[in-house]
Protein chains: 2
Amino acid sequence: MGTEDRKAREKERRRNQIIDAAERIIFSKGLEQATMDEIAEEAELSKGTLYLYFKNKTELYLAITQRGSDLLNSQFAKVFAGGHDHTGLELIRLLGETYLNFVRENPNYYNAFMYYESLSDVNELKDSKHAEQCEENRREALNFMIRALQIGMQDGTVNDSYDPKELAVVILSSTRGITAMSHMHGTGYHFEMLDEMELSVDTLFGNFLKLVGTGIASEDARKRWMTDSQNIETNGK
Amino acid sequence: MGTEDRKAREKERRRNQIIDAAERIIFSKGLEQATMDEIAEEAELSKGTLYLYFKNKTELYLAITQRGSDLLNSQFAKVFAGGHDHTGLELIRLLGETYLNFVRENPNYYNAFMYYESLSDVNELKDSKHAEQCEENRREALNFMIRALQIGMQDGTVNDSYDPKELAVVILSSTRGITAMSHMHGTGYHFEMLDEMELSVDTLFGNFLKLVGTGIASEDARKRWMTDSQNIETNGK
DNA sequence: TAATTAAAATGACTGTCAGTCAGAAAGTGA
DNA sequence: TCACTTTCTGACTGACAGTCATTTTAATTA
């Protein structure tokens, strides 16, 4: 009957209401400083209710993490969604730019990613639906990258001496390193290296693209890539 | 007088005794699970004494983090210490291998690095001697990388169209991404992507080296690098 | 060696907070 | 209206980080 559907919807709404409140509190003062009592008050619920929807504080934060992860993946998807007027090499670049833009626009979600990855307690993650979805998103992101590489190998812009799967992992991982650096710089908490060297994140990213581009481009595409890399727009979309 | 020196030495020994105990406890059960009471007992001291040497639990963990950071840098230094019979390009590779080996052999310290970087509370870090030293080590590591690139540009193995400083940041950051991946895979807590794809960390790292090598090598050095990259020994030293 | 002072160490105590649970309130269906 | 289920509540508990008045140990002086 329809009542059950409605109940399920309402339950889902409550969940989101709690996650919304948790985001406001945690994003404004950090995970450690945020208390469950405070989040409950912000959500206009009692603390006990929070625990009906999330088994503990970490799980609630993982729900936030998953939101970020879903959002990032939806941005990746957009790269492929439009008309297919991009070469494989361009797709790689677009995926990288998408990642970088995400970090800039959503530092709080990126923080959540870092916390998630620093979690070294298996049990905390093993039976978490949210963690599972984050891993699923990671797999999907990898598939986007593989697809871009395969397209590139077909259209001759990417050197086909690589195994696309292996290369995809490498590019995704190293991009992660670059975005992490950008994030740490952006939040300014530590890592003033870039400032000390008078480097901008854009310069850094431009060089990264040049490096990757030169590394994977076919001989044919290399020259074009290297000239393009001089003037990058990272706010592409 | 000599008494003061001796006192200073003893104080230093106490400090290390506490850090030793903290490592044993925290490395075995994780930061969250480890309590200050337990660490105190392991160190055969009272809890209060711990707080005479470290202002809080985080600061104690930062001391551990610094140990790891110092250790990593000492390994980097070794790459340059021996006879100077390496080309710049080889030095880059050796630095990367050193980093990877460090992660494999010291996953606990690497965990500490990840925690350190996920710390988003400025105040926690601003007045920490340990955090300051970690940043100093980071700068030094960057300088190692810059030096390797400059040597490479001199000996003709590295493409000199890059700015060595900019490139060093890029390579260090992306290497960080690769090592992070390797770590997550090694600890097996999450991130089973590699297993699912039947890839080994060595394969991943080999491809990374090939990518970077191809990306930065001079035309001249490229062919040699690409053939070398087929059979890598990551336990080099 | 005893008295005096300074430094180092102690552990009982406090405040905070994650997580629980017995019971209240709201919703459902007859 | 009643019986029953689901959802919610908030006072309570246990655990733990961090404190501080007191004790212990060491160094210095007479």
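A note on names: the letters A, B, ... follow the listed sequences, proteins ahead of strands, and every chain is numbered from 1. Side-chain atoms are counted along with the backbone in the values below, which use heavy atoms only and exclude waters and symmetry mates.
Look at CD on B:E10: it is 9 Å from P on C:dA9, rounded to the nearest Å. Nucleotide D:dC8 holds its C1' atom 11 Å from the CG atom of A:L50, rounded to whole Å. Rounded to whole Å, atom P of C:dA9 lies 12 Å from atom CZ of B:F54. Protein atom NZ of A:K11 is 8 Å distant from nucleotide atom C1' of D:dT6, rounded to whole Å. Between B:R13 atom CZ and C:dA8 atom C1' there is a gap of 15 Å when expressed in whole angstrom units. Distance, A:Y53 OH to D:dT7 P: 7 Å, rounded to whole Å. In this structure, CG of B:L45 is placed 17 Å from P of D:dT24, rounded to the nearest angstrom. Between the P atom of C:dA8 and the CZ atom of B:R9 lies a distance of 15 Å, rounded to the nearest Å.
With no hydrogens or angles considered, no side-chain donor-acceptor pair links B:S182 and B:T179 at under 3.5 Å.
Interatomic distance, A:I18 CD1 to A:T49 OG1, rounded to the nearest 0.5 Å: 7.0 Å.
When heavy atoms are screened at a 4.0 angstrom cut-off, B:L52 is found touching base atoms of the nucleic acid.
For B:Y99, the ring pair (Phe, Tyr, Trp, His ring centres under 6.0 Å) partners at least two apart in sequence or on another chain are B:F76. The ring pair (Phe, Tyr, Trp, His ring centres under 6.0 Å) search around A:Y53 returns none, not counting sequence neighbours. Listed by chain and residue number, A:Y109 satisfy the ring pair (Phe, Tyr, Trp, His ring centres under 6.0 Å) test with A:F27 (two or more places apart in sequence, or in another chain). Every residue two or more places apart in sequence or in another chain was checked for a side chain to side chain donor-acceptor pair (under 3.5 Å) with A:D163, and none qualifies. A search for side chain to side chain donor-acceptor pair (under 3.5 Å) contacts involving B:R147 returns nothing, not counting sequence neighbours. Taking A:Y51 as the reference, nothing meets the ring pair (Phe, Tyr, Trp, His ring centres under 6.0 Å) condition, with sequence neighbours excluded. Applying the side chain to side chain donor-acceptor pair (under 3.5 Å) criterion to B:K165, with sequence neighbours excluded, gives no partner residue. A search for salt bridge (Lys or Arg N to Asp or Glu O under 4.0 Å) contacts involving B:E196 returns A:R139, not counting sequence neighbours. With sequence neighbours excluded, the residues forming a side chain to side chain donor-acceptor pair (under 3.5 Å) with B:N16 are B:R67, listed by chain and number.
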Checklist outcome for this item: Per-nt protein contacts along nucleotides 14-21 of chain D (heavy atom under 4.0 Å; B base, S backbone sugar-phosphate only, - none) come out as --SBBB--
Shorter than 3.5 Å, N or O on both sides, protein versus nucleotides 23-27 of chain C: list them out with atom names.
none

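Remark on the helix from C:dT1-D:dA30 to C:dA30-D:dT1: inter-end axis angle 0°, axes from five-pair C1' superpositions, rounded to 10°.
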